[in-house]
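Structure, as structure tokens:
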Amino acid sequence: YETYDCASPIHIVSNNNSELFVVEDKKTLAKYTRVIDEAAFNSGDIASVASSVSDTDITGLCYADSNLYSLTKDLKYYKWNTSELATDSEITIDDSSITDIGGFLIKNNRVYISDKSGSDNYVKIFYLSGNYWFQSSSSFKQPSDITADSGNNIYVADNQNNKIINLDLDGNDGEHIDGVSTPLGLAYSASTNRLYVTGKNSDNNPCVYVIDLSSYRVLYSFDLDGAYDLAICGTGTNSDLYITDKDGKKIIRLRSNYSW
């Protein structure tokens with residue numbers, strides 16, 4: 001893999017095969033361009049081309065229906081004009097009980113937030129208007145991230161229970177995937193129907209678990225030497241993986257011409 005210097009990256013998403021969006025130093029949303037042509041394997045760098053600074057910590061980032069959204073600590077979510085890297089709209093989430101946000105997802109005209117506040121944690125579901133709708137049927141322990149596949153399945157990184165939980169769009173409990181230690185970040189690849197999970201290995205070092213979603217089992221894992229605090233994202237049809245290393249102040253790129 002390759003690494004690129006970055007100012008304490010936290011969240012990372014991609015909308016296509018040429019752009020990345022990264023939250024740096026908690027308040028800055030940066031836009032990066034990237035090269036994915038396999039012929040440019042040795043020179044396919046990424047570079048920051050624009051940035052926007054928020055007044056409040058950005059606690060979540062997601063792509064939905066070709067739109068980029070961010071969620072801030074004060075429970076406001078924003079839709080972005082990615083060409084100009086400016087906000088188009090602002091909606092307030094109506095739930096003051098959420099004080100510690102794990103993951104943020106928009107799917108099927110609903111907003112999903114994995115709430116890490118308190119001892120019993122849930123995925124809370126809201127209408128796009130910000131009004132509360134429902135919460136997951138199961139509770140979690142420090143759910144650190146949330147993502148969805150191309151169908152109607154949602155996946156939650158249940159960090160302190162060392163598993164991945166599958167939910168339907170209404171928050172009902174489904175499959176439990178064991179064999180992952182302290183899962184932190186999640187990425188789904190439609191081209192492989194696999195889930196990629198950052199976590200820790202048996203030696204408590206950072207690694208990536210590869211999960212087959214047709215069988216709901218861990219296929220294998222690989223270590224990331226020298227990495228620290230990780231989040232993860234898949235990057236569309238080419239299946240590159242980009243991982244943020246906050247404490248190491250870098251982005252890690254895992255090339256698609258390796259069979260993940």
Side-chain angles (χ1 to χ4, degrees), residues 10-23 29-32 34 52 54 58-95 98 101-115 123-136 143-157 164-172 174 185-191 193-197 213 231-242 244:
I10 303 172
H11 305 288
I12 184 167
V13 299
S14 175
N15 67 326
N16 54 38
N17 287 332
S18 63
E19 294 179 339
L20 291 169
F21 297 91
V22 183
V23 176
L29 177 62
K31 177 181 177 179
Y32 284 78
R34 56 198 170 96
S52 177
S54 170
I58 302 172
T59 55
L61 203 61
C62 74
Y63 235 92
D65 300 323
S66 301
N67 295 307
L68 177 68
Y69 297 89
S70 66
L71 178 69
T72 53
K73 188 177 181 179
D74 56 357
L75 293 178
K76 294 179 180 179
Y77 81 88
Y78 299 84
K79 180 181 176 182
W80 288 81
N81 178 327
T82 56
S83 297
E84 301 177 2
L85 206 60
T87 55
D88 275 346
S89 62
E90 171 190 319
I91 301 291
T92 299
I93 297 295
D94 186 20
D95 191 338
I98 301 176
I101 296 166
F104 166 61
L105 171 71
I106 293 179
K107 175 81 171 177
N108 198 38
N109 294 320
R110 295 174 188 166
V111 179
Y112 298 81
I113 298 174
S114 56
D115 179 13
V123 171
K124 295 187 175 180
I125 309 172
F126 301 86
Y127 296 105
L128 291 180
S129 64
N131 293 327
Y132 178 79
W133 181 71
F134 205 59
Q135 70 179 24
S136 59
S144 57
D145 200 8
I146 184 169
T147 194
D149 63 17
S150 53
N152 296 319
N153 296 292
I154 291 170
Y155 301 93
V156 183
I164 306 299
I165 307 297
N166 163 230
L167 304 176
D168 67 16
L169 294 178
D170 294 331
N172 297 311
L186 303 173
Y188 171 72
S189 170
S191 62
N193 195 34
R194 290 179 176 179
L195 192 67
Y196 301 90
V197 183
L213 291 180
I232 190 170
C233 88
T235 58
T237 57
N238 70 315
S239 298
D240 279 6
L241 294 178
Y242 285 82
T244 62

With a 3.5 Å distance limit and no angle check, can you tell me whether [X] reaches the backbone of [Y] through a side-chain donor-acceptor pair?
X: Asp168; Y: Asp170; value: yes
X: Ser52; Y: Ala86; value: no
X: Arg194; Y: Leu213; value: no
X: Asn81; Y: Ser83; value: yes
X: His11; Y: Ala231; value: no
X: Asn67; Y: Asp65; value: yes

For Ile113, which of Leu71, Ile125, Leu105, Thr59 qualifies under side-chain contact (heavy atoms from CB on, under 4.5 Å)?
Leu71
With [X], which residues qualify under side chain to side chain contact (heavy atoms under 4.5 Å, CB included), at least two apart?
X: Phe134; value: none
X: Ile106; value: Cys62, Ala64, Tyr69, Tyr77, Phe104, Val111, Leu128
X: Leu29; value: Phe21, Val23, Ile58, Leu61, Leu68, Trp80, Leu85
X: Asn153; value: Asp149, Tyr155, Asn166, Tyr216

Taking only residues two or more places apart in sequence, or in another chain, which ones meet Tyr63 in a ring-ring contact (aromatic ring centres under 6.0 Å, His included)?
none
Non-neighbouring partners of Tyr132 that pass ring-ring contact (aromatic ring centres under 6.0 Å, His included), sequence neighbours left out:
Phe126
Side-chain contact test, heavy atoms from C-beta onward, threshold under 4.5 Å: evaluate it for [X] versus [Y] and give yes or no.
X: Glu19; Y: Tyr32; result: no
X: Ile154; Y: Ile146; result: yes
X: Ile164; Y: Leu186; result: yes
X: Leu167; Y: Val123; result: yes
X: Tyr112; Y: Lys107; result: yes
X: Thr87; Y: Lys76; result: no

Please walk me through it: do Asn193 and Tyr188 pass side-chain hydrogen bond (donor to acceptor under 3.5 Å, both in side chains)?
CA-CA 7 Å; Asn193 195 34; Tyr188 171 72; 3.2 Å; yes
Please round to the nearest 0.5 Å and tell me the distance separating atom CD1 of Ile93 and atom OG of Ser129.
8.5 Å
Could you give the distance from NZ (Lys73) to CD1 (Ile101), rounded to the nearest 0.5 Å?
9.5 Å
Write down the atom of [X], the atom of [Y], and the distance for their closest heavy-atom approach.
X: Asp95; Y: Leu75; value: O-CD1, 2.9 Å
X: Pro143; Y: Ser114; value: O-OG, 3.2 Å
X: Leu20; Y: Ser14; value: CD2-CB, 3.8 Å

Assess whether a salt bridge exists between Asp115 and Lys124, defined as any Lys/Arg side-chain N lying under 4.0 Å from an Asp/Glu carboxylate O.
yes
